[in-house]
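Since the structure comes first, as structure tokens, the remarks are kept for the end.
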Amino acid sequence: MTIAFEVIKECKDTRARVGRLYTPHGVVDTPVFMPVGTQATVKAMSPEELEEIGAQIILSNTYHLYLRPGAEIIKEAGGLHRFMHWNHPILTDSGGFQVFSLADLRQINDEGVTFRSHIDGSSHFLSPEKATEIQMALGSDIAMCFDECPPYPASYEQVEKAVKRTSSWAERCLEAHRREDQALFGIVQGGVFRDLRERSAAELTALDFPGYAIGGLSVGEPKRLMYEVLDYTVPLLPASKPRYLMGVGTPDALLEGVKKGVDMFDCVLPTRVARNGLALTSSGKVVVRNARYARDYEPLDPECDCYVCRNYTRAYIRHLLKANEILGLRLTTYHNLYFLIRLMAKIRTAVMEGYFLKFAEEFMAKYLEKEV
Ligand SMILES: CN(C)CCSCc1cc(N)cc2c(=O)[nH]c(N)nc12
């Protein structure tokens, strides 16, 4: 069995649950936030710092690694874990989303997708089989099916077509998948249309994947619409298998997602906003680049016990960011990742000890009390 999941504790007044995901590279306590390492690195962080922060599993991308350095090089290097010196679980996204969002799309048909590389304009073709082969070469613990994620908004017909393709491509990925030590997760599509979500979930759960992602959300739709879709989509997925909400998210969305029964999350937010000098704190967002912090000798978050908040001030980090010093990016990224990973640990404790709903309400009251 490449992957096993067990529910440890269910919340009595919400769908939240604490679980444990057993993978070839270690155990993951869920709910879990997965830092994104698109090009085989979580930007500005070393693997040792990720371990220090408490990262359990990271994400990487088929599309990017196929284009550069190429799956062959990573395979020759002994696989993605050896290549990037990360000896814990890795999940790779299939490239479906990136091809649609990054590449210069040439053609998409039932066979696959022809596109021009966003790096050098060279022409490429990705199919369910190829995306699966690349992930087998990378050797991630969890591979994702090659799916079609429609934009938002999208017409019913467009989303229906994407559901049909996603289901047919999922079967082809399953057919092509040959690695015993790698789990393949299905991705449910269906946009914001309930009947299409039901159809996609039914067709994918019939294929009996070891885990399921909810795709097609966090693509620009209003948050309340995402929550509405989650309310009726999560119950369609088997309770005994992990549920992964792709591309989410912010502290409020993580809490809502956990409340609605989601186990796994990924988002570029904490690393991306760090590069714009924005820190996540227990009282809300701190845009530490702002002049108001020039003489602020407090830590990014006075309530945070991370290495950065114990040793550096807002004034210093603001100086580094304004001076375009690399350490500024590193310190802000380190803190933002720690903040989200620590939030997930607090959530798991709250579910285990039966006060999750109270914890969520108190956290949100404080987090949104002011845009600092
Ligand atoms: C670094 N990230 C941008 C990539 C990781 S998560 C990407 C991602 C995000 C979102 N929102 C939806 C989807 C989706 O529907 N399908 C796939 N395959 N990936 C998705």
Side-chain angles (χ1 to χ4, degrees), residues 32-43 45 57-67 90-103 108 112-113 115 118 126-128 130-132 134-135 138 140 142-154 158-159 161-163 165-167 169-170 173 184-193 196-197 200-201 204 209 211-223 225-227 229-230 233 237 243-250 253-254 257 262 264-275 333 337 340:
V32 63
F33 175 79
M34 303 183 281
V36 174
T38 298
Q39 304 192 98
T41 162
V42 175
K43 292 184 177 6
M45 290 289 101
I57 174 172
I58 61 168
L59 206 103
S60 205
N61 269 303
T62 299
Y63 167 82
H64 293 81
L65 296 175
Y66 158 73
L67 289 178
I90 297 175
L91 181 150
T92 44
D93 194 7
S94 56
F97 183 82
Q98 289 74 31
V99 157
F100 290 102
S101 58
L102 277 176
I108 164 169
V113 191
F115 61 94
H118 71 288
L126 260 188
S127 64
K130 190 146 184 207
T132 303
I134 294 166
Q135 293 179 89
L138 298 177
S140 48
I142 300 171
M144 301 308 293
C145 281
F146 191 66
D147 62 326
E148 182 180 351
C149 171
Y152 178 85
Q158 207 181 346
V159 176
K161 201 169 173 189
V163 166
R165 244 183 214 140
T166 295
S167 294
W169 287 357
C173 289
L184 180 67
F185 278 18
I187 305 179
V188 175
Q189 291 294 343
V192 295
F193 303 102
L196 295 180
R197 284 284 171 186
S200 182
L204 289 171
F209 287 103
Y212 292 91
I214 298 170
L217 291 179
S218 190
V219 286
E221 78 283 358
K223 266 186 187 167
L225 204 41
M226 176 169 81
Y227 297 153
V229 172
L230 284 178
T233 303
L237 301 175
R243 302 151 177 168
Y244 162 26
L245 176 56
M246 305 186 92
V248 170
T250 54
L254 292 172
V262 175
M264 301 164 73
F265 302 86
D266 93 273
C267 189
V268 293
L269 175 108
T271 39
R272 182 169 295 171
V273 299
R275 296 198 288 285
T333 299
L337 284 174
L340 286 186

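In listed order, ligands and their atoms are each counted from 1.
Distances shorter than 4.0 angstrom do not occur between any heavy atom of Gly96 and any atom of ligand 1.
Between atom 6 (S) of ligand 1 and the options Leu217, Asp266, Val268, the minimum heavy-atom separation is to Asp266. Residue nearest to atom 17 (C) of ligand 1, selected from Tyr152, Phe265, Phe97: Phe97 (by heavy-atom distance).
Side chain of Ser218 to backbone of Gly247: a donor-acceptor contact under 3.5 angstrom is found. Panel note: side chain Ser127, backbone Gly112; no donor-acceptor pair is recorded below 3.5 Å.
In the vicinity of Val36, heavy-atom distances shorter than 4.0 Å reach the ligand 1 atoms 1 (C). Those atoms of ligand 1 with a heavy atom of Gln189 less than 4.0 angstrom away are 14 (C), 15 (O), 16 (N). Per-residue contacts place Gln98 under 4.0 angstrom from the following atoms of ligand 1 (heavy atoms of the residue considered): 4 (C), 7 (C). Those atoms of ligand 1 with a heavy atom of Asp147 less than 4.0 angstrom away are 14 (C), 15 (O), 16 (N), 17 (C), 18 (N). The contact set between ligand 1 and Ile187, taken as ligand atoms under 4.0 Å from a residue heavy atom, comprises 18 (N). For ligand 1, the atoms closer than 4.0 angstrom to any heavy atom of Thr38 are 1 (C). Using a 4.0 Å cut-off to heavy atoms of Gly215, the atoms of ligand 1 that qualify are 14 (C), 15 (O).
Residues satisfying the side-chain hydrogen bond (donor to acceptor under 3.5 Å, both in side chains) test with Ser167, not counting sequence neighbours, are Glu203.
Between the side chains of Thr92 and Gln135, at least one donor N or O lies within less than 3.5 Å of an accepting N or O.
Of the inter-residue distances, the one linking Ile214 atom CD1 with Arg197 atom CZ reads 7.0 Å to the nearest 0.5 angstrom. Atom-to-atom distance recorded for Met34:CE and Ile90:CD1 is 12.0 Å, nearest 0.5 angstrom. Rounding to the nearest 0.5 Å gives a distance of 7.5 Å between OH of Tyr244 and CD1 of Ile187.
Ligand 1 has an N or O atom lying under 3.5 Å from an N or O atom of Asp93, backbone or side chain.
With hydrogens left out, the protein atom closest to atom 5 (C) of ligand 1 is Leu59 CD2, 3.2 Å, a heavy atom. Residue, atom and distance of the protein heavy atom nearest to atom 15 (O) of ligand 1 are Gly216 N, 2.7 Å.
Contact annotation: the side chain of Tyr212 never approaches that of Arg243 to less than 4.5 Å [non-hydrogen atoms, C-beta and beyond].
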#### Entry: Steps toward side-chain contact (heavy atoms from CB on, under 4.5 Å) verdict (Tyr63, His118)
CA-CA 10 Å; Tyr63 167 82; His118 71 288; 2.8 Å; yes
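At a heavy-atom distance under 4.0 Å, only side-chain atoms of Ser94, from C-beta outward, approach ligand 1.
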